Number of protein chains: 2
Amino acid sequence: MLTNRQLQILQVIVDDFVTSAQPVGSRQISKREGITYSPATIRNEMADLEELGFLEKTHTSSGRVPSEKGYRFYVDHLLQPHMIRDEEISQIQSVFNHRIGEMEGLIRESANILSELTTYTAVLLGPDVQQHKVRKFQIVPLTEQTAVAIVVTDNGHVENRVLTLPQGFSPSDIEKMVNILNDRLIGVPLHELHIKLEAEVLSILKQHIAAAETIVQSLVDVSISQKEGKIYYGGKTNMLNQPEFHDLNKIRMLMDLMDKESQLQSLFQPNQVGIQIRIGSENNNLAMENCSVITTAFSTGDEQHGAIAIIGPTRMDYRRVVTLLEMMRSGLSNALTKH
Amino acid sequence: MLTNRQLQILQVIVDDFVTSAQPVGSRQISKREGITYSPATIRNEMADLEELGFLEKTHTSSGRVPSEKGYRFYVDHLLQPHMIRDEEISQIQSVFNHRIGEMEGLIRESANILSELTTYTAVLLGPDVQQHKVRKFQIVPLTEQTAVAIVVTDNGHVENRVLTLPQGFSPSDIEKMVNILNDRLIGVPLHELHIKLEAEVLSILKQHIAAAETIVQSLVDVSISQKEGKIYYGGKTNMLNQPEFHDLNKIRMLMDLMDKESQLQSLFQPNQVGIQIRIGSENNNLAMENCSVITTAFSTGDEQHGAIAIIGPTRMDYRRVVTLLEMMRSGLSNALTKH
DNA sequence: TATTAGCACTCCATCGAAACGAGTGCTAAC
DNA sequence: GTTAGCACTCGTTTCGATGGAGTGCTAATA
């Protein structure tokens, strides 16, 4: 167990390093208000903290830097609430006052504000479309051979896809088909759609329409190809300002990561409650070695939810980010549920 | 007018510099096959070419580097066709064999292949949605107060938006409204939609439905907020490999540019035919000082068109890119028009 | 026993000088 | 008109010297 003094010193080191990005020396610590012991004492404590794995040195005669374990301890036990300036609070509020019911714009805007206030990168994951339930099918003919299939969900989401019609597929066939689809599939969540289509609906359709098979196949394709949730960014390039990312290789890996939606999905664990913090290697991703990710989920009503993530260097201002994130989470949840 | 020898030297310098990224010296040139004069002669010619503004030095005793004017002359007069390897050709072809009629996937894939083959950044601009014509309106109710409005265009594009319904708006009102919209607006191009809505349709609707005004306003919003054309990327981070972008500031400016869709639109001049090359400052954009952009338009039938742009350093392999771009342009135009 | 002053030591960062190499411009010879 | 030769310039690399920040250890102190 750490002594009070060790706790205090660890806290000061993290706080200092977060703002300065420079290794913290004993003299520097001794000058901080609230510190009553001499540099020599602090050096002894630091040596102990290093032995315990909370601190590291960049080289033999450098000051100390928090280790991952040090950050972990800090966020678990030493995180104190952070004062957010009034203007910043009202900046966040302004997003929600704007327009209501326009989810996409709201989320997009939130990502921008968050990245601006944190100076890190904000990633917002829209609600998982796969959970939405079918409200209505529609097939609109375009030419002799093509039509566009439309699925509207109960949340107002619209999926669509151009279909190639089989030879001799008549308008009345389309009508029949749409009726059957709407009869059988309303209320089915999108992620079950392809199963229902193949297992139940296909055989029924076949009885009425000759060439139903190819079209059903296309519909199955659509429902499989849907992404989990849409991703929105704010401050994608903010990482370039962080001194630890003056290395082209790291930047490249990070940028590539952010362009790969599939990889990004793994950042989120939307089933958890509250705020999660993953530090450095806890992300299990080489590109994120020097990054921490702070995530939380927000609710959009109807058991739907989205998630917010802030990606910053491990030397991130955890206090501030956690506070901002919590404000944004509750604000978003409110704005999106009440309408 | 330049002598043949000067032309030859300019060509060699550009070709060499494009591949090596190093200033080209007289000795190096003299060793190239086809060059029969001594380094001293070449030095004299280079001094003349520099005086004429085609070459530059990075410092007093360095080799020569093409100036913007030099590149301009090169692409205008010295560009020779480039051999593309068979495997690369079939790599391009494979995109078009894949699936037909699925425009979005096709364009996305093309962007990736192009960026891979060029090692630069590919930007594809999808066809301008504003030109599409309305095929069908649809309003699907969600709750008492909300519904989703859907516009299908003759190209199979679907726009949609959640509407807040006025108090006491009944299902039969919706039906009436949809009928009038479909009566009056089919065939109208999207970019004229808001005008028609306000000028013609609004007054008719008002006669039949009390609270038509707010809904029409929402529809107007939708048709105004549509973007010009969707933008697809390939190889966004490829620029990081170019030695001229080892500068964080430049990278930042470029990345920011690419995240701003609005700015990117200005890269394209889709009304022009053939291939356009803009070199360095010709782009009128600080972030693109050291970049060249090669663009061309592809047709998607029905007077619709999209555009391709390759963004690379001014020290770009113009020969290769121009050839690849032309192949991709014709391939895309074919694939998208014939179906 | 806990704390602190003092001191030797380590390592990084910065600077300037020297050596080197690539390339030029100019002159004079071919 | 072309080229060999040479002095010169400038960037790059290397090396050692210097200074500063910070440590660990020891011995003195409260």
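We name chains A, B, ... by the order of the sequence lines, and we start the count at 1 in each one. Everything numeric here is computed off the predicted structure, so don't read it as measured data.
- Side-chain nitrogen and oxygen atoms of B:Lys57 include none within less than 4.0 Å of the OP1 or OP2 phosphate oxygen of D:dG11.
- The side-chain hydrogen bond (donor to acceptor under 3.5 Å, both in side chains) search around B:Ser38 returns B:Thr41, not counting sequence neighbours.
- A salt bridge is defined here as a Lys NZ or Arg NE, NH1 or NH2 lying under 4.0 Å from an Asp or Glu carboxylate O, and B:Arg43 with B:Asp48 fails to meet this definition.
- Judged purely by atom type and a 3.5 angstrom limit, B:Ser62 has no side-chain atom pairing as donor or acceptor with the backbone of B:Lys57.
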Open item on the list: I need a per-nucleotide contact map over nucleotides 1-7 of chain D, read 5' to 3'. Cutoff is protein heavy atoms under 4.0 Å; write B for the base, S for backbone only, - otherwise.
Closed with: -SBBB--
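- Judged as a side-chain hydrogen bond (donor to acceptor under 3.5 Å, both in side chains), and not counting sequence neighbours, the contacts of B:Ser281 are B:Glu68.
- Enclosure of atom CG in A:Asp76 by more than 12 non-hydrogen atoms of other residues, nucleotides or ligands within 6.0 angstrom is indicated.
- Taking atom CD on A:Gln6 and atom C1' on C:dT3, their separation rounds to 15 Å, with Å as the unit.
- Under the 3.5 Å distance criterion, the side-chain polar atoms of B:Asn112 are left unmatched by any main-chain donor or acceptor of B:Gly235.
- Not counting sequence neighbours, the partners of A:Arg5 by the side-chain hydrogen bond (donor to acceptor under 3.5 Å, both in side chains) test are A:Glu45.
- In this structure, A:Asn283 contributes its side chain and A:Asn285 its backbone to no donor-acceptor pair below 3.5 Å.
- Ring centroids of A:Tyr318 and A:Tyr71 are separated by less than 6.0 Å, placing the two rings close together.
- Proximity of a side-chain donor or acceptor of A:Ser115 to a complementary backbone N or O of A:Ala122 within less than 3.5 Å is not detected.
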Return all side-chain donor-acceptor pairs below 3.5 angstrom for residues 249-256 of chain A, not counting sequence neighbours, or 'none' if the list is empty.
| unit_1 | atom_1 | unit_2 | atom_2 | d |
| --- | --- | --- | --- | --- |
| A:Arg252 | NH1 | B:Asn241 | OD1 | 2.4 |
| A:Arg252 | NH2 | B:Thr237 | OG1 | 3.3 |
| A:Asp256 | OD1 | B:Thr237 | OG1 | 2.6 |

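- Scanning for side-chain hydrogen bond (donor to acceptor under 3.5 Å, both in side chains) contacts around A:Glu56 gives an empty result, with sequence neighbours left out.
- Nearest heavy-atom pair, A:Arg278 versus A:Ser266, reported as atom, atom and distance to 0.1 Å: NH1-O, 4.3 Å.
- Of the residues in residues 14-33 of chain B, not one places a heavy atom less than 4.0 Å from an atom of DNA chain D.
- At its two ends the helix from C:dT1-D:dA30 to C:dC30-D:dG1 runs along axes set 20° apart, each axis drawn from five pairs and the angle rounded to 10°.
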Look for any protein N or O under 3.5 Å of an N or O in nucleotides 27-30 of chain D and output each such pair with its distance, or none.
none

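- Listed nucleotides: C:dG25, D:dG24, D:dG11. Nearest to the side chain of B:Glu50: C:dG25.
- For the pair A:Met46 CE and C:dT4 C1', the interatomic distance rounds to 15 Å; values are reported in whole Å.
- The distance between atom NE2 of A:His59 and atom C1' of D:dG22, rounded to the nearest whole Å, is 8 Å.
- For residues 314-324 of chain B, the pairs satisfying salt bridge (charged side-chain N to carboxylate O under 4.0 Å, His left out) are B:Glu88-B:Arg320, B:Glu244-B:Arg315, with sequence neighbours left out.
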Return a table of donor-acceptor pairs under 3.5 angstrom between the side chains of residues 29-36 of chain B and protein atoms on other chains or two or more places apart.
| unit_1 | atom_1 | unit_2 | atom_2 | d |
| --- | --- | --- | --- | --- |
| B:Ser30 | OG | B:Arg27 | O | 2.7 |
| B:Arg32 | NH1 | B:Asp16 | OD1 | 2.2 |

Close N or O pairs between protein and nucleotides 17-22 of chain C (under 3.5 Å):
none

